Amino acid sequence: MTLTAPDDAAGFRFEVRVYHQDNNVDGFVYYDDFSVEAVNTNFPEPTHYPENFEATTTGLTITLNWADATGEQIPGAYLIYGQQGDMGDFPVPEDGTPVANDLDWSDDIVSVNVAYGLETYAFEGLTGGQSYEFVIYPYTNVGENINYKTDGDPPLASASVSNLVIINAEDFEDGTLGTWMQYSVEGPQVWEPYEFQGDIFARISGYDNGAVENEDWLISPELDLSSLQQASFEFISARNYAGEALQLYISQDYDGSGDPNLFDWTEMTDQANWSEGSWEWTASGDIDLSEFLAAPCHLAFKYISNTSEASAWEIDNILVFGESGVGIAESEVKQLIVFPNPSSGMFTVSAESAGHLELFNLSGQLVMELEIQAGLNRISTGSLKNGLYFLVLRSKSGQINRGKVLIN
């Protein structure tokens, strides 16, 4: 018996079933000389290119998406070339010569083969502050029979990777301490998530029917800053009642567990602005972490209370961020004036000159871009979710201005 699969079959399964009759048992069934033959069909080149070829950026990743090519002859796969910066024309693949996967950007160009039907591919770990271009060629067959579609204009896509990198962002809005952990050295009180008027933050108080002696740490996860050229840390704090000031530390030998007092910590308390009381939220300002790029580190808030005084402290909107790659020298970057900040509905950007403004969320994803003029520019927040955003303004002269805005 010979079974022939249809021309459009993408796979097959061969199955043999044996049944017993009248409850008979035992006996034998023998099969022999099975064979499968494949006919190598040399398909013509694809009829069309894929459509809606687009590139989007998230952090240091560019994701390509497209709609599969259609037509009388669909492709079996796609070849994607990528290049860093404006390197001119892409190579044109030749029929009969397959192009292997090559994801090494050291020569500024890469290639990757993607199966028909996937409609997406992500390039990860790219260099911050760089632009990238991509082209896609559909093809049929493999090996010496490979047949690329190269007539007409192949789809192009481009995207830029900001050299802004978010290492850690924590707003406690999920009702937990999130990526941070508390460690109690002494006393019954601990850092815990706390909600007030719909806002959730980390809170510690050493008061329980009287002041209680406590030592409690709120410690970050391990932070790897090695990919950054410079790094910063910021948060907001609120406090009330008399008691010791909250302390801020950084360690490069803490192992992520156990009593933090058994490890080496560098105090950074005086590098931050702190709430002066009455539950007034105060922005810390940017705390420079650039001297700690060489090894992974942990940040920590240390709370102390005693039987005479027990203040209450609240921490929110923790952010560790920096710039990767060669990027722009920090001396060439100016601070962008943004007000009101926090903002609701509208905010204003004061620009010294016209340029291209980009807004990034805490995932490093570009969420808005527009051209602005010299002077005051009012920008609607209607399409933005509540949260912290980074602003990057690139003027036509090449000047870089950066700022942040909190939308609530």
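Nothing fancy with the numbering, it's 1 onward along the sequence. Values below: every heavy atom of this structure, side chains too, minus hydrogens, waters and symmetry copies. All figures in this text were calculated on a predicted structure; none of them were measured in a lab.
In this structure, Y254 has its ring center closer than 6.0 angstrom to the ring center of W265. Checked against the 6.0 Å centroid criterion, the rings of F321 and F233 do not qualify as a close aromatic pair. Taking the six-membered ring where the residue is Trp, the centroids of W313 and F201 are separated by 6.0 Å or more. In this structure, W66 has its ring center at least 6.0 angstrom away from the ring center of F134.
Ring-plane geometry between F123 and Y121 is classed as perpendicular, the angle between the planes exceeding 60 degrees on a 0 to 90 degree scale with a lower cut at 30. Between F90 and Y81, the ring-plane angle classifies as parallel under the 30° and 60° cut-offs.
Remark: the backbone N or O of H48 is not paired with any side-chain donor or acceptor of K149 at under 3.5 angstrom. Formation of a donor-acceptor pair under 3.5 Å by the W281 side chain with backbone atoms of I236 is not found in this model. Distance alone, capped at 3.5 Å, is enough to place a donor-acceptor pair between the D288 side chain and the S290 backbone.
Taken to the nearest 0.5 Å, the CG atom of N141 stands 11.0 Å off from the OH atom of Y148. Rounded to the nearest 0.5 angstrom, I407 CD1 and T381 OG1 are separated by 5.0 Å.
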Can M181 and I219 be said to form a side chain to side chain contact (heavy atoms under 4.5 Å, CB included), step by step? CA-CA 5 Å; M181 70 170 219; I219 306 174; 4.0 Å; yes
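If you run side-chain contact (heavy atoms from CB on, under 4.5 Å) between I250 and each of L299, L223, I287, D264, only L299 comes through.
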